A.B. asks: 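A single structure is presented below for examination.
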Amino acid sequence: MYTSKISGLGSYVPENVVTNDDLSKIMDTNDAWIQERTGIKERRHIKKGDGNSTSTMGVKAAKIALERAGLTTDEVDLIIFATLSPDMYFPGGGVRVQHMMNMNTIPALDIRNQCSGFIYALSVADQFIKTGMYKNVLVIGSENHSGGLDMTTRGRGVSVIFGDGAGAAVVTRSEKENVGILSTHLHSEGAHAKELSLEGPSTEHWVPEIIAENPQEDIPYYPYMNGQFVFKNAVVRFSEVINEGLQQNKLQAEDIDMLIPHQANLRISQFVQKQFKLNDDQVYNNIQKYGNTTAASIPIALTEAWENGKIKEGDLVVLAAFGSGFTWGSAIIRW
Ligand code: ACO
């Protein structure tokens, strides 16, 4: 019986820092509004010509994770790449990573579960390892949000929240019991697909159609978010799916050493922290610096928490996410 563990972590964010004040110069917003509603102070945006893209940032994070795992690219059996902002409509980012890292003809799987993308990807990696099929799986979450946001006052309700970056984890076979990824829990509710979505360009909203049918002011190729509806669903689903994971492993909230919630909004994380009666040292947040980086947010936060010595061997680490789909999930890990 195999178990799976995270053997290496890495992250990368573009150098270009965009503060709330920077945004207030290009749209009608302000630092106080953004901080009060979301906790965000600044985020990173790719700068034209800096060489970053969704897949190249993923490669940078992946190289660090592999080095820390003590593995070469030849030892990776599968790439799983999660993003909502791929470089191209198709193919996805996984094959680009495989090419850029000069890897063998290993499979590359793309995951499209937005903010829950990393948890979904981790869950797939975990299953492939536990069945004995693979030994090392490279899991990447990466987003280039800035390339597709409406950076005018019209888009301010969405665009101030999101940032660019990438995180990666190497998931490796282990034979130790009760260590590593204990369980993962995944859910979806497609009834709310449009509440947080980008409808076009797509086969339902193709470019010529969009241009023909929409006045210049109302082109639906920017993300739409029903913020308050998302918020209300997020706090309920985060709690449910964390409880589900704890119950399956016969654990209590008091057993959590570190909760790493998807960095959607600091207010959501604080709400969840309160519900589980966790203190500040038991929850890791870095949305203040990076904004919401969707599929990249958990691996960036996990990497940072680990680098800062906040996760030690034997700790119970809980990952949880909620986002567009709606999709949500959790992972219960004994480090
Ligand atoms: N700056 C200044 N004013 C703004 C901005 C902005 N950036 N954005 C909106 N406003 C204005 C609105 O126009 C509105 O003005 P009005 O009252 O004159 O009409 C007012 O601020 C309030 O707007 P609301 O949208 O009602 O503000 P709310 O308190 O709901 O906060 C927010 C918005 C922050 C988006 C909140 O709903 C939220 O966090 N929701 C959860 C969203 C989330 O976490 N998404 C990510 C999870 S999913 C994922 O990660 C993909």
Side-chain angles (χ1 to χ4, degrees), residues 18-43 54 82-86 111-120 141-146 148-165 167 187-190 192-199 222-239 241 260-273 285-288 290-301 319-330:
V18 178
T19 65
N20 294 341
D21 286 338
D22 292 333
L23 292 180
S24 70
K25 289 177 195 136
I26 55 171
M27 63 180 82
D28 181 11
T29 190
N30 58 78
D31 179 55
W33 191 98
I34 300 172
Q35 281 210 51
E36 190 189 312
R37 299 295 215 289
T38 70
I40 300 165
K41 296 182 177 163
E42 57 189 42
R43 73 286 293 140
T54 302
T83 190
L84 67 67
S85 51
I111 298 271
R112 296 199 43 179
N113 291 90
Q114 297 68 250
C115 302
S116 311
F118 183 77
I119 303 265
Y120 267 73
S142 182
E143 302 288 358
N144 168 6
H145 282 306
S146 65
L149 292 171
D150 179 358
M151 300 301 285
T152 70
T153 298
R154 181 182 58 182
R156 65 183 179 175
V158 174
S159 52
V160 301
I161 294 175
F162 294 95
D164 302 339
H187 293 276
S188 73
E189 191 176 28
H192 304 313
K194 291 200 173 177
E195 304 298 342
L196 180 47
S197 59
L198 174 58
E199 289 196 44
Y222 287 123
Y224 167 76
M225 177 168 71
N226 181 347
Q228 290 181 10
F229 187 72
V230 172
F231 196 107
K232 283 179 197 152
N233 279 266
V235 290
V236 173
R237 297 310 194 183
F238 264 111
S239 300
V241 83
I260 302 196
H262 159 55
Q263 301 293 291
N265 181 319
L266 190 60
R267 306 296 159 238
I268 294 176
S269 297
Q270 288 168 335
F271 193 93
V272 174
Q273 176 177 344
N285 289 303
N286 61 6
I287 191 170
Q288 299 91 331
Y290 306 127
N292 177 341
T293 57
T294 307
S297 97
I298 289 180
I300 291 175
L319 313 179
F322 174 87
S324 161
F326 292 154
T327 57
W328 61 101
S330 66

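In this text, all values refer to a predicted model and were calculated from it rather than measured experimentally. Atoms within a ligand are numbered from 1 in the order they appear, just like the ligands themselves. Worth knowing before you read on, the calculation uses all heavy atoms, side chains too, and leaves out hydrogens, waters and symmetry mates.
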A.B. asks: Ignoring hydrogens, tell whether any protein atom lies closer than 4.0 Å to atom 3 (N) of ligand 1; use the non-hydrogen atoms only.
C.D. replies: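 Yes.
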A.B. asks: Would one find more than 12 heavy atoms of other residues, nucleotides or ligands at under 6.0 Å from atom CZ of R267?
C.D. replies: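 For R267, atom CZ is crowded (more than 12 foreign heavy atoms under 6.0 Å).
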A.B. asks: Atom 39 (O) of ligand 1: which protein heavy atom is closest, and how many Å away?
C.D. replies: N265 ND2, 2.4 Å
A.B. asks: If the test is side-chain hydrogen bond (donor to acceptor under 3.5 Å, both in side chains), which one of T83, T294, T54 qualifies with E143?
C.D. replies: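 Of the listed residues T83, T294, T54, the side-chain hydrogen bond (donor to acceptor under 3.5 Å, both in side chains) partner of E143 is T83.
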A.B. asks: Strictly inside 4.0 angstrom of atom 26 (O) of ligand 1, do you find any protein heavy atom?
C.D. replies: yes
A.B. asks: Atom 36 (C) of ligand 1: which of A295, G227, G325 has the nearest heavy atom?
C.D. replies: G227
A.B. asks: Over 60° means perpendicular and under 30° means parallel, so tell me whether F229 and H192 are parallel, tilted or perpendicular.
C.D. replies: perpendicular
A.B. asks: Using a heavy-atom cut-off of under 4.0 Å, does the side chain or the backbone of C115 touch ligand 1, or both, or neither?
C.D. replies: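 For C115, only side-chain atoms sit under 4.0 Å from ligand 1.
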A.B. asks: Just to be sure I read this right, does ligand 1 sit under 4.0 Å from the backbone of H262, its side chain, both, or neither, counting only heavy atoms?
C.D. replies: side chain
A.B. asks: Quick one: does atom 48 (S) of ligand 1 have a protein heavy atom under 4.0 Å from it?
C.D. replies: yes
A.B. asks: Under 4.0 Å from atom 32 (C) of ligand 1, is there at least one protein heavy atom?
C.D. replies: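 Flag for atom 32 (C) of ligand 1 set to false, no protein heavy atom closer than 4.0 Å.
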A.B. asks: Using a heavy-atom cut-off of under 4.0 Å, does the side chain or the backbone of M225 touch ligand 1, or both, or neither?
C.D. replies: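 Side chain only.
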A.B. asks: Could you pull out, from K232, M27, Q263, Q228, the option with a heavy atom nearest to atom 30 (O) of ligand 1?
C.D. replies: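 Result: the heavy atom closest to atom 30 (O) of ligand 1 is in Q228.
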A.B. asks: Between T29 and ligand 1, which part of the residue brings a heavy atom under 4.0 Å of the ligand: side chain, backbone, both or neither?
C.D. replies: both
A.B. asks: Can you see which heavy atom on P223 is nearest to which on G148, and at what distance?
C.D. replies: CD-O, 3.5 Å
A.B. asks: Would a search of protein heavy atoms around atom 18 (O) of ligand 1 find one under 4.0 Å away?
C.D. replies: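 Under 4.0 Å from atom 18 (O) of ligand 1, zero protein heavy atoms found.
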A.B. asks: Can you find a non-hydrogen atom of L84 under 4.0 Å from ligand 1?
C.D. replies: no
A.B. asks: With distance as the sole test, does D164 use its side chain to make a donor-acceptor pair with the main-chain N or O of S146 at under 3.5 Å?
C.D. replies: yes
